[in-house]
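All remarks here apply to the structure that follows.
Chain identifiers are assigned alphabetically (A, B, ...) following the order of the sequence lines, protein sequences preceding nucleic acid strands; residue numbering begins at 1 within each chain.
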Number of protein chains: 2
Amino acid sequence: MTASEVQRSSSRTDPSAPLTTGQGFAHGKAPQTRVLRPSAKVLPEHARGHNRSLVLQTLYRDGRRSRADIARQTGLTRVTVSALVADLIADGLVVELGQREETRPGKPATLLDLDRAAFVIVGLDLSEHATFSGALLDLDGAISARAEVQLAGSTGDDAVQKVLALAQQLVELATAPILGIGVGSPGVVDLGGVVLSAPNLGWNGMPLQSILADRFGLPVVVANDANAAILAEHSFGGAESDAMLIKIGHGVGAGLLLGGTPLFGSRFAAGEIGHVVVGTDGGAVCACGKRGCLETWLSIPNLIERLERPENAGDADRDAVLREAGQRLGIALAPVVGALDLGEVILSGPTELLDGPLAKATVETLRQRTMAEFHGSLTLRMTTLGQDIVLRGAAVMVLSGQLGVS
Amino acid sequence: MTASEVQRSSSRTDPSAPLTTGQGFAHGKAPQTRVLRPSAKVLPEHARGHNRSLVLQTLYRDGRRSRADIARQTGLTRVTVSALVADLIADGLVVELGQREETRPGKPATLLDLDRAAFVIVGLDLSEHATFSGALLDLDGAISARAEVQLAGSTGDDAVQKVLALAQQLVELATAPILGIGVGSPGVVDLGGVVLSAPNLGWNGMPLQSILADRFGLPVVVANDANAAILAEHSFGGAESDAMLIKIGHGVGAGLLLGGTPLFGSRFAAGEIGHVVVGTDGGAVCACGKRGCLETWLSIPNLIERLERPENAGDADRDAVLREAGQRLGIALAPVVGALDLGEVILSGPTELLDGPLAKATVETLRQRTMAEFHGSLTLRMTTLGQDIVLRGAAVMVLSGQLGVS
DNA sequence: TATGTTCGTAAGCTTTACTAACAAACATGA
DNA sequence: TCATGTTTGTTAGTAAAGCTTACGAACATA
């Protein structure tokens, strides 16, 4: 059975459309600017899709449950759950595991679970400076194979070709049907997976999602790398529903999760904080022309440059540099944390630089500059997902879009 | 027909529950922190409520339409629209206006409209310093009667009594059934209308919504004043779906609308930016103990105090004071505007102080400190709704909660 | 006057999830 | 040992929702 057969089994033809009506990442939220038609009509079959996702999500998160268990947990009846489960088994998404061992009165339950080996997801991370990396992930987000291509200075269509080659490698490695391809790209990406602007790659209005969908005939989701990262942190790293992830690398970007939903912004540029000016006391000149942009304080190349200066050779000097960077981050984040009432801020990037004086200074500055009574419980921590955070976020986007699960 | 009969006609008993399943303000979004049951099951009747709201919304916004017009606009069939409209007419929400005058082939259409005089809304604004004000509003948000009570230093339960007295006055003034009571309160308000913290009124965990609902037996929505204001600006003032409203008065607060949905924050304290520290160069000591809080620069009492100093008597000096306040606001907002990719910032407060050098300096500072290429099209303007913005926002909350309309 | 168009409604169908009822399979206690 | 109670999953029938098809009414136009 192939992935496309799964789609056919629901008599669907559009490969990029979600299998269910779960709140898909790329398809769920319309790019509403000033909606004329406030919301769409709802048909009974939409409710069906929602409940299907609900069952799937229950199994995804808690696994090894009987139909009766699911019924109790979701509030649906056993009859309805049976019907939905039959659908899901027919689609190859759910399998019966046999009877429950546990000894208790009544007919023994037949345990179910997501067939976590039935599908794989292709995840791509385009956010590193010199390398495009990719992986095959299972439905739990575990990585079973890796691949990468060197960018070697490619931009524009050449860079697209590298993406296609990388995806091709991974598709060929797959030993199970592919549920979809998720891509975390730098820059500004709209809801249709068009990279509106990624200066380092020379992309302006590059329709990456369509290009990949046309090439592979699979569902594809393309989104900003930091947005992917915050989704990964939410699904796999235990992040709260109101959280912000700061991705510090060659540049500085952020992903925002508000009420469990990623924020895109009015021009899809939410989280682009690298060129916000920090403080009222000057700072270094930035590539963008302004003075004191967050990136001049915090990007890894800038940090390393300052750390390698002769006058910063000592441990105390090194700490001072990191502390100052952390303070600047705190100054920039304080208004955001205050205005959004965030519960959690997560840092992603090189641990050896971020997880120490820098993070400590950031959280201290945040506490000093916001209302302690409300934000005293603010958490700041490093990501627990390491370097694979974007890859795993890309998988979450596919899971969310195709199964309504996350 | 009374308002409570409307509810009974749908065989509903809970007066605080919405008539429809529209995305209600107070009831729509669960206070999700880490949801165990991801989302609720969906029954066919929920779809019905949604479509009912859809029809209502179409009539609310565009008015004077036939059943066939609505069908074309919503995508529902004429048959379904007829059934929904029959429901709405039975509930007294919609009336037939007679046949369309316009001469064209075919059977003449019967025009429908919301019965905009059938209900009134009680709106209360508790955000002023010395006065609670209230109004009766029709479904279009127009004010037909006003009332107010002097606070006279009341706090705690005394202040609640003043709210009840004000509401009582307005309820007695009503000449049509009351759709509900909307309240804009200062401080932190949770989704159940409990005022968690409003220092000036001495409220801590005050269940204002329940108190009002118990007293009047009507649907009640209580929310933060700035949140109410941004909703008013969205519904009546033409604000975009990603916008922020800064309410400057005795304190400084903000309301955020992201993707058309108000933001509440992880502890319901979203928008509480008055005590965020601005800049890196000190500033006046604030009542909260910190230095350089936004309120020390921008609150009206602080502004007036500085303007009335002898050394600021000249026009140029006055402008300098206002300009500095505007710059400080811009410094605080820049990271927020950048991170959220806001399209629009709206100021609410005394026009004579805000709408001039202050607003000009704010927008200039914002442009200087964010990425021009993305935020060059950022708009900053005064509210068009004047002093009644919170009252009208309170009405929007009731409309949204009871009819799924806004 | 005949024709075509549009509106609103009636009748019947499909889909959905519900309730009620039941057989199967187990534990438990008399 | 056997009757009883419990739990599971399924079958059958019902209610609600929106759909398609069809039709009469009311109009404009050739």
Integer-rounded Å distance: [N] [atom2] and [X] [atom1]:
{"X": "H50(A)", "N": "dT15(C)", "atom1": "NE2", "atom2": "C1'", "answer": "17 Å"}
{"X": "L54(A)", "N": "dA17(C)", "atom1": "CG", "atom2": "C1'", "answer": "13 Å"}
{"X": "L43(A)", "N": "dT15(C)", "atom1": "CG", "atom2": "P", "answer": "13 Å"}
{"X": "H46(A)", "N": "dA17(C)", "atom1": "NE2", "atom2": "C1'", "answer": "17 Å"}
{"X": "R78(B)", "N": "dA17(D)", "atom1": "CZ", "atom2": "P", "answer": "21 Å"}
{"X": "I70(A)", "N": "dT7(D)", "atom1": "CD1", "atom2": "C1'", "answer": "16 Å"}
{"X": "E101(A)", "N": "dC26(C)", "atom1": "CD", "atom2": "P", "answer": "12 Å"}
{"X": "E45(B)", "N": "dC18(C)", "atom1": "CD", "atom2": "C1'", "answer": "10 Å"}

The side chain of [X] is closest to which nucleotide in this list: [options]?
{"X": "K41(B)", "options": "dC18(C), dT6(D), dT8(D)", "result": "dC18(C)"}
{"X": "V79(B)", "options": "dA10(C), dT10(D), dT16(C)", "result": "dA10(C)"}
{"X": "T77(B)", "options": "dC7(C), dA17(C), dC19(D)", "result": "dC19(D)"}
{"X": "S82(B)", "options": "dG18(D), dC27(D), dG8(C)", "result": "dG8(C)"}
{"X": "S66(B)", "options": "dC27(D), dG5(D), dC7(C)", "result": "dC7(C)"}
{"X": "K107(A)", "options": "dG8(C), dT8(D), dG5(D)", "result": "dT8(D)"}
{"X": "T80(A)", "options": "dT10(D), dA17(C), dG8(C)", "result": "dA17(C)"}

Output yes when at least one side-chain N/O atom of [X] is less than 4.0 Å from OP1 or OP2 of [N], else no.
{"X": "R104(A)", "N": "dT6(D)", "answer": "no"}
{"X": "R72(A)", "N": "dT8(D)", "answer": "yes"}
{"X": "N51(B)", "N": "dG18(D)", "answer": "yes"}

Would you classify R67(B) as touching base, sugar-phosphate or nothing, given that sugar-phosphate means primed atoms plus P, OP1 and OP2, and contacts are heavy atoms under 4.0 Å?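 R67(B): backbone/sugar contact only, no base atoms under 4.0 Å.
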Select base, sugar-phosphate, or nothing to describe what V81(A) touches, counting heavy atoms under 4.0 Å on all strands. nothing
Closest-nucleotide mapping onto DNA chain C: is G106(B) or L111(B) further toward the 5' terminus? I mean the 5' end.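 Whichever sits nearer the 5' end wins; that is G106(B).
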Donor-acceptor pair, side chain of [X] and main chain of [Y], under 3.5 angstrom:
{"X": "D242(B)", "Y": "G259(B)", "value": "yes"}
{"X": "N51(A)", "Y": "V42(B)", "value": "yes"}
{"X": "D91(A)", "Y": "L93(A)", "value": "no"}
{"X": "S53(A)", "Y": "L403(A)", "value": "yes"}

In the structure I gave you, are the side-chain heavy atoms of D140(B) and F236(B) within less than 4.5 Å of one another anywhere? no
For a side chain to side chain donor-acceptor pair (under 3.5 Å) with D69(B), tell me which candidate from R67(B), Q73(B), R65(B), R72(B) qualifies.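 When side chain to side chain donor-acceptor pair (under 3.5 Å) is applied between D69(B) and each of R67(B), Q73(B), R65(B), R72(B), only R72(B) qualifies.
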